[in-house]
Amino acid sequence: QHLLLLIDDILDVARSEGSALAVATDAVILAPVLERAQRAAATLAGDAGLTLVAEWPAALPRLSGDARRLHQVLLNLLSNAVKFTPVGGCVTLGAAIEQGSLVIRVADTGIGIPPEHHETVFQPFTQLDDAHARHFPGSGLGLYMARSLAEAMGGTLTLEIPAGPGTLAVLRFPPERLLPPEPLPEGSIP
């Protein structure tokens, strides 16, 4: 299973470099995508001895994008957060509307990434140093693919300096990528 996922990632890298990375432009209802990512991360966090906090408002707009690819981005970010956070730490998944844009944050209380490496880690097959490669196995494709998919859906993915220890990944989708919330069924009471 792991090898199949790695092969899929490598194929996605090749597609993204050739501008052939396929993403849908559906009206994505965000809550189910966030909840699915939260459930998957809760299992990973629990196994690693971490606390997972998830928070977003009940009413979020829909996103013109690809639910499967958005889930992939969130899982990459959450998996990294879990992987690089020691036992007893915390991983947070949050979403909000800020200045008309959808902002999804994944924060952790882990080892962090020095600001001078915030762009370096988005290169394919990159790990910060040999010590990370020995202690934290992985292909070095997660953040690269997460950013490529975010950009293919019209968003951005950056790392920002967190208020405390750890890493803060910020996924933003501009107002033009957002759609009104799903209409209520006829005859229902809001």
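Between Ile97 and Leu102 there is a side-chain heavy-atom pair separated by less than 4.5 Å. Val91 places none of its side-chain heavy atoms less than 4.5 Å from the side chain of Thr51. Side-chain contact between Asp66 and Thr25 is absent, with no heavy-atom pair separated by less than 4.5 Å. The closest side-chain heavy-atom distance from Leu168 to Ile161 is not below 4.5 Å. In this structure the side chain of Leu171 reaches within 4.5 angstrom of the side chain of Val73, judged on heavy atoms. Contact annotation: the side chain of Leu143 never approaches that of Arg147 to less than 4.5 Å [non-hydrogen atoms, C-beta and beyond]. Here the side chains of Glu35 and Trp56 are in contact, with some heavy-atom distance below 4.5 Å. In this structure, Leu178 and Arg62 have side chains that are not in contact, with every pair of non-hydrogen atoms separated by 4.5 Å or more.
Minimum heavy-atom separation, Ala146 to Leu77: CB-CD2, 4.4 Å. Across all their heavy atoms, Ala95 and Leu60 have their closest contact at CB-CD1, 4.4 Å. The minimum heavy-atom distance between Thr167 and Gly112, with the atom names listed, is OG1-CA, 3.3 Å. Scanning all heavy atoms of the two residues, the minimum distance from Ala37 to Leu74 falls at CB-CB, 3.9 Å. The minimum heavy-atom distance between Ala81 and Val106, with the atom names listed, is CB-CG1, 4.0 Å. Here the closest non-hydrogen pair linking Ala27 and Leu179 is CB-CD1, 3.6 Å.
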(message) For a side chain to side chain contact (heavy atoms under 4.5 Å, CB included) check, start with the C-alpha distance between Arg105 and Thr92, then their side-chain angles and the critical distance, and finish with the verdict.
(response) CA-CA 8 Å; Arg105 289 184 175 85; Thr92 304; over 6 Å; no
(message) Pair Arg68, Leu70 - check side chain to side chain contact (heavy atoms under 4.5 Å, CB included), show working.
(response) CA-CA 6 Å; Arg68 184 176 67 86; Leu70 179 59; over 6 Å; no
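When each of Asn80, Thr120, Leu159 is checked for a side chain to side chain contact (heavy atoms under 4.5 Å, CB included) with Ile113, only Leu159 meets the rule. Evaluated for a side chain to side chain contact (heavy atoms under 4.5 Å, CB included) with Asp47, the options Leu44, Thr43, Leu50 yield exactly one hit, Thr43.
We find the CG-OH distance between Leu157 and Tyr144 to be 13.0 Å, quoted to the nearest 0.5 Å. Taking CD from Glu176 and OG from Ser101, the interatomic distance works out to 7.5 Å, rounded to the nearest 0.5 Å. Rounded to the nearest 0.5 angstrom, His71 NE2 and Leu78 CG are separated by 9.5 Å.
By the neighbour-count criterion of 12 heavy atoms within 6.0 Å, atom CD of Glu98 is densely surrounded, having more than that number from other residues, nucleotides or ligands.
Formation of a donor-acceptor pair under 3.5 Å by the Asp26 side chain with backbone atoms of Val28 is not found in this model.
Salt bridge Arg69/Glu151: absent, no basic N to carboxylate O contact under 4.0 Å.
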